[in-house]
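Working notes, structure below.
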Amino acid sequence: MSTFKPFPMLIFILKACIFMSLVTVKATANETIEIGAIIDLNSRIGKEQKTAINIAVENYNHDRRNKKQLITVHFRNTSKDTIQDFFTAEELVEKNHVKMIVIGMQTWEETALIADIGKRHQVPIISFVTASYTPELVQLRWPFLVQMTTSSFDQINCTASVVSSYQWRKVIVIYEDDMYSDSSMLAVLTETLKGHGVEVEHQLILPQVSSLSDSREVVSRKVVKLLQKQSRVFIVLRSSVSTANHLFKEAKGIGLMGRDSAWILANSLADLLDSVDTAFISSIQGALGIKNHYAEDTKSFRHFKGQFQKIFRSEYPMEDHSEPGIHALKAYDSITAFAKAVNSLGTKSSNDSVLMKNRILSSNFTGLSGNISFVNGVLSHPPTFRIVNVDGNRYNGLGFWSSMFGFSKVPVAENGEIIGVNGSRIMKFSMVKWPGELKRVPKGWAMPTDSKPLIIGVPGRTSFEKFVKVETVAETNETKYTGFCIDLFKEVLKILEKNYTLPYDFEPYDGSYPDLVQQVIEGKYDAIVGDITILAERTKYVEFTQPFAESGLTMVVPVKFDRSNKAWMFLKPFTGNMWIATGAVLFYTMLVVWFMEHQSNPEFRGRWKDQLGTAMWFTFSSLFFAHRENIKSNYTKTVVVVWLFLVFVLTSSYTASLTSMLTVPRLEPSVKDIGWIKRTNATVGCDGDSFVKDYLRQVLELQNIKNISNQDDYPKELENGNIKAAFLEIPYQKVFLREHCNQYVVAGPNYRFGGLAFAFQKGSPLAHDVSEAILILTQDGTLNRLEEHWFALSKNCDNVDPTDETESLTLGSFWGLYLVSGATSTFCLLFYVYHLFRKSQQLTGAFRDNIVHPSTDQSFWTKTAGIIRYNKNDKPTVTLRRVASARAAGLGVDKRADSRKWHLVSPSDAAQIFDGSSQLPQLAIELGSSRSD
């Protein structure tokens, strides 16, 4: 019997286990998912993308939670031939059976070709290029395309906001072009800048330097053309590092990187500032960059950064920097999105490309580049851009910009919330190092120098030489420039010299004013110093300064003395309302005086006609202080005193106004309005070198127009009757009337315009600076002093404006006096009535106590009627006298009368008893035999 040997058996079992493990590992290793990556392995971006993809795949494969499936990447290099890239993608799908392709092409046209393959084979394609179409249209045409990018509109809006913040009005856009480049961004940028009031003066399209044999010469020829442009704000919208390197070297060589220049780098270049060499950085000193912002302080980013730098340095030791950029982060996030989709689908469903694409598009996680979620195949989270300023060997962060909040000093949180953000639509970052070590904001304009001064056009043919006069000095043959506009410009220069010098040369222009403006539009002149009228059409093509004089079109005509009938001139000093108010107060005062005087004053008694005549005569004669009637009542005296004061003021004012109207000559225009000109087709004159002639024809529809080139010709033409009216702008009209003050007058309406100003080329920042200087001169009185010096009143004029007429006196100047007079009359009347009422009560009470029934009550209307009857002076008033009272008063008694009889007493006796001035009112009874005696 053989002996059992356990050791060989143990060895056998161990070998079997090892074999089974190897078989299992092999079986597991075969369950891999193939993906493809077509990137430019020779570029910095491609190198970063390859490194990031390898790190993402390695992290996934080494994760213990991901043992079921492994990811394998097949890298392919891009070709200059897009068709070759197309076949490369076909090969990856058909031979390598890839489940996804990551493409690193930089143009949309190249991306669209690969997206067609994804659509045909139903393979998800991940791209880092923004489509030229709307996301909805892209999803319909290329349903398997996933764009790891946001809309380019955000970057364009950020660029436009930066330009607008610094108030630059003209820019030059630089764009690298190749056979697959997308020019739609250029069109969108142009329209967006236009919405901010910024004009794209020039578009510089550079070819791809890799396709050129002599790239430096080609770039140099194109860049040198920029010297002919006025704008010095350059936006590099899209460019590779190699092309940009040539661009900045040539620009720096010809002085375009110097003072008052500004360069803005879009994210295609700014995102590479972490990876370019120091030579490139030194060539763009002072430039502003717009970088895609990503959080650098997270744990995941720091871990990735360590991995990236280690691998990148080992594989690409020739690269100067090993910092990962936004392109590496997006490549890493694209693999992460794919890996998460694989895990969620499992082994069996990973081969379903439709499910794979849907799971990728339903991703929602925070990646290294930001929030990863998709809407219509593009990233839904709006990007945040970081504004940087190149300084030294690096760049300095200035702030951030987002489409929701504008500019801010802190970024938007990843979840979209704001933590201490004070958003603004205007960039307020002061710590900027500009090109040429400039301390202020660059003008962004080709500023004049001693070698290339500002060329200023001056009107050489003017109608009114006090504004601008160009003459040649015979002795020296030099051109001399004088006038109000020239002196004003020299005062402006004194203010501008506090910030910068402005070398200039005047050049006379003998053409018309519209042609002179056209010279500025065409670039022959940089500016115009003269009496240029601001018109709506001109503002579209030139930049006007703040107006220094008002402008409008007026019609000047000869005057004629008013020799019309002056029969009714005596009514002119007062207006109609004034006459009515005066008559009303006079009539009211007359009634009040009559009412209070006709009882106690015998001069106001008698028949109704006599009373009315006396009252009217008294009131009218008081106008001339000729009244002779005596006034008895104190109330009436108060009324009359106030009335006489009113009369004194009115008569004095009336006399002064009428005297002025009769003694001052009244100058009337010979032509009342423009309607007469049209009806008679009369000839009118104007300056034919200005816009006025076209305005008269096209707007006012006048046909018979004569050109007058000199201000001295206007009086001759008007006096000879060759023209019936002259159409002058307001500043010229004022000068003309100051010299011919009593001979001509303005007639008709005033057709207003924008004013007189200096003109500069469209977008010139000098217009803004000159406008500020004009405002300063206006506020400190310099402008007024210049006007007094150049437009002084003629010695033949006596400061009389022929257009001024003595105006009629209105009720508004005297209503206070009328109010005082009326109120005084009313109060005195009320007091008098009250006093009369009291006396009437005393009389009536005595009568009731002694004769009538004492207990009888009378109504208010009965009492009022009694007062009225009592106050009438054409009927006798009953006065009762008791004998005892009469004797006590020392009055006589009719001895023939019976003590039991009563008789009537005359009204004058009653008035003595009830007059307000009586000191001892009495009741008396006088005996009589009958009432009729």
Side-chain angles (χ1 to χ4, degrees), residues 457-470 483 485 508-522 528 530-542 544 547 549-558 669-671 673-737 740 744 746-757 759:
V458 179
R461 212 168 59 194
T462 59
S463 297
F464 289 82
E465 295 181 343
K466 286 191 175 183
F467 285 90
V468 178
K469 183 179 181 180
V470 180
C485 295
Y509 183 78
D510 293 331
S512 64
Y513 278 74
D515 292 341
L516 178 57
V517 175
Q518 186 64 32
Q519 298 298 314
V520 176
I521 299 174
E522 295 175 357
I528 301 175
D531 45 344
I532 305 298
T533 304
I534 301 176
L535 301 177
E537 186 65 23
R538 292 176 178 176
T539 57
K540 299 177 182 178
Y541 307 104
V542 296
F544 283 102
E550 65 174 328
S551 178
L553 194 61
T554 59
M555 183 173 68
V556 178
V557 298
S670 58
V671 178
D673 53 35
I674 197 173
W676 183 87
I677 299 289
K678 292 181 178 180
R679 290 191 301 269
T680 60
N681 195 25
T683 304
V684 297
C686 71
D687 183 5
D689 291 334
S690 68
F691 73 97
V692 176
K693 184 176 181 179
D694 293 335
Y695 186 86
L696 295 179
R697 290 187 184 278
Q698 300 171 7
V699 180
L700 301 184
E701 298 179 349
L702 300 180
Q703 302 301 325
N704 203 355
I705 304 172
K706 185 174 183 179
N707 296 337
I708 300 178
S709 58
N710 191 282
Q711 69 179 86
D712 296 332
D713 294 337
Y714 283 102
K716 300 176 183 178
E717 298 292 336
L718 289 168
E719 290 173 3
N720 296 334
N722 296 331
I723 60 175
K724 296 298 182 181
F727 282 88
L728 302 174
E729 293 185 68
I730 290 180
Y732 310 140
Q733 166 243 307
K734 290 182 177 179
V735 173
F736 184 78
L737 293 182
H740 308 279
Y744 303 95
V746 176
N750 177 11
Y751 306 94
R752 293 194 173 276
F753 301 109
L756 299 185

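The chain is numbered in sequence order, starting from 1.
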Which value, rounded to the nearest 0.5 Å, describes the distance between Arg461 atom CZ and Asp510 atom CG?
6.5 Å
Min side-chain heavy-atom separation Ile532-Phe544 under 4.5 Å:
yes
I need the full list of ring pair (Phe, Tyr, Trp, His ring centres under 6.0 Å) pairs touching residues 696-720, with sequence neighbours left out, sorted by first then second residue.
none
Provide the closest heavy-atom pair for Val470 versus Gly460 in the form atom of the first, atom of the second, distance.
CG2-CA, 4.0 Å
Show your working on side chain to side chain contact (heavy atoms under 4.5 Å, CB included) between Leu737 and Val746 and close with a plain yes or no.
CA-CA 9 Å; Leu737 293 182; Val746 176; 3.7 Å; yes
How close do Val468 and Cys485 get, counting heavy atoms only, and between which atoms?
CG2-CB, 3.7 Å
Listed pairs under 3.5 Å, donor-acceptor, residues 697-704 side chains, sequence neighbours left out:
from	atom 1	to	atom 2	distance (Å)
Arg697	NH1	Gln703	O	3.3
Asn704	ND2	Asn681	O	3.4
Asn704	ND2	Thr683	OG1	2.9

How would you list, by chain and number, every residue that makes a side chain to side chain contact (heavy atoms under 4.5 Å, CB included) with Gln519, sequence neighbours excluded?
Tyr509, Glu522, Lys524, Tyr525
Point-to-point distance, once rounded to the nearest 0.5 Å, from OG1 of Thr462 to CG of Asn710
8.0 Å
Take Lys693 and Leu696 through the test side chain to side chain contact (heavy atoms under 4.5 Å, CB included) and record every step on the way to the result.
CA-CA 5 Å; Lys693 184 176 181 179; Leu696 295 179; 5.8 Å; no
Only counting residues at least two apart or in another chain, list the ones meeting ring-ring contact (aromatic ring centres under 6.0 Å, His included) with Phe691.
Phe753
List the atom pairs, donor and acceptor, that lie under 3.5 Å between side-chain atoms in residues 717-729 and the rest of the protein, sequence neighbours left out.
from	atom 1	to	atom 2	distance (Å)
Glu717	OE1	Lys706	NZ	2.9
Glu717	OE1	Asn722	ND2	2.9
Glu717	OE2	Lys706	NZ	3.4
Asn720	ND2	Lys716	O	3.0
Glu729	OE1	Thr533	OG1	2.7
Glu729	OE1	Ser551	OG	2.9
Glu729	OE2	Thr533	OG1	3.3

Residues which pass ring-ring contact (aromatic ring centres under 6.0 Å, His included) with Phe464, listed by chain and number, not counting sequence neighbours
Tyr732
Please confirm whether the backbone N or O of Gly552 pairs with a side-chain atom of Arg752, one donor and one acceptor, at under 3.5 Å?
no
Taking all heavy atoms of Pro547 and all of Gly755, pick out the closest pair and write down the distance.
CB-CA, 4.1 Å
What is the minimum heavy-atom distance between Ala747 and Val671, and which atoms define it?
CB-O, 3.3 Å
Which atom pair, heavy atoms only, marks the closest approach of Thr539 to Ala536?
OG1-O, 2.6 Å
Working note: Val542 + Ile528, criterion side chain to side chain contact (heavy atoms under 4.5 Å, CB included); need CA distance, chi angles, decisive distance, verdict.
CA-CA 10 Å; Val542 296; Ile528 301 175; over 6 Å; no
Indicate yes or no: at least one non-hydrogen side-chain atom of Val458 is less than 4.5 angstrom from one of Leu516.
no
Verify, without hydrogens or angle tests, whether Asp515 (side chain) and Gln518 (backbone) share a donor-acceptor contact under 3.5 angstrom.
no
Can you label the angle between the His740 ring and the Tyr744 ring as parallel, tilted or perpendicular, going by 30° and 60°?
perpendicular
Quick one: closest heavy-atom pair of Asp687 and Ser690, and the distance?
O-OG, 3.0 Å
Stepwise, does the side chain to side chain contact (heavy atoms under 4.5 Å, CB included) test hold for Cys686 with Ile705?
CA-CA 7 Å; Cys686 71; Ile705 304 172; 3.7 Å; yes
Would you check if Asp531 and Pro731 make a side-chain contact, meaning some heavy-atom pair closer than 4.5 Å?
no
